[in-house]
Amino acid sequence: MTAQWFRSVFLVGNPSGAYICPFGDGCTLPLENTTASIYAHLRLHGHVYKHRDRAPCPWPGCRKETRWGNVARHVIERHLRVKSQCMWCGHSYVRSGALAAHMDVCIEAYIKNIFQEYPNITHYEE
Ligand SMILES: [Zn+2]
Ligand SMILES: [Zn+2]
Ligand SMILES: [Zn+2]
């Protein structure tokens, strides 16, 4: 995982409706805005729980604990289908221009936080 790669995850509004998967380094399968697609990725990346188990959201940097049966919906609502909210810190903006400008800055801070918090899983490259 590199900062460059992480930035590429940030593709809100991609016309194909597919996102780059943030759950595994270099995963090239498109992540679609559907619960089936999300569970398929999570299984692929080793996040295997029973649907009634509670588990932390596997989105990098998100620690929301939820029932595994709800986690795909949480990912869609909180991380993928965000329109007027920063997908990193949740701050909302009315004007999309202001939001885009904020997210450019916010993602940098977000990436640094993740890399500080999990220094052993990866390294920060500029
Ligand atoms: Zn994946
Ligand atoms: Zn989450
Ligand atoms: Zn933000």
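Atoms within each ligand, like the ligands themselves, are counted from 1 in listed order.
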Any pair counted as side chain to side chain donor-acceptor pair (under 3.5 Å), so long as it reaches residues 66-76, sequence neighbours left out: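 Sorted result for residues 66-76: Asn70-Arg73, His74-His79.
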
Opening angle between NE2 in His79 and SG in Cys57, taken at the Zn ion (ligand 2), to 10 degrees: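 Taking the Zn ion (ligand 2) as the apex, I get 110° for this pair.
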
Is the shortest side-chain heavy-atom distance between Val75 and Leu42 below 4.5 Å?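 Counting from C-beta outward, Val75 and Leu42 never come under 4.5 Å.
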
With side chains defined as the heavy atoms from C-beta onward, is the minimum distance between Arg78 and Cys62 less than 4.5 Å?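 Not touching, per the 4.5 Å side-chain cut-off.
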
State the atom name: nearest N, O or S atom of His74 to the Zn ion (ligand 2).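 Looking only at N, O and S atoms of His74, the one nearest the Zn ion (ligand 2) is named NE2.
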
With the Zn ion (ligand 1) at the apex, how many degrees lie between SG of Cys21 and ND1 of His41, rounded to 10 degrees?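 Rounding to the nearest 10 degrees gives 100°.
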
Which angle, to 10 degrees, forms at the Zn ion (ligand 1) with NE2 of His45 on one side and SG of Cys27 on the other?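 Rounded to 10°, it measures 110°.
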
Whether His45 and Phe23 hold their rings parallel, tilted or perpendicular, with breakpoints at 30° and 60°: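 The arrangement is tilted - the two ring planes meet at 30° to 60°.
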
Rounded to 10°, how big is the angle at the Zn ion (ligand 3) from Cys106 SG to His102 NE2?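 Roughly 110°, rounded to 10°.
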
May I ask you to decide if Thr34's main-chain N or O and Tyr39's side chain share a donor-acceptor pair within less than 3.5 Å?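 Side chain of Tyr39 to backbone of Thr34, a donor-acceptor pair under 3.5 Å: no, none is there.
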
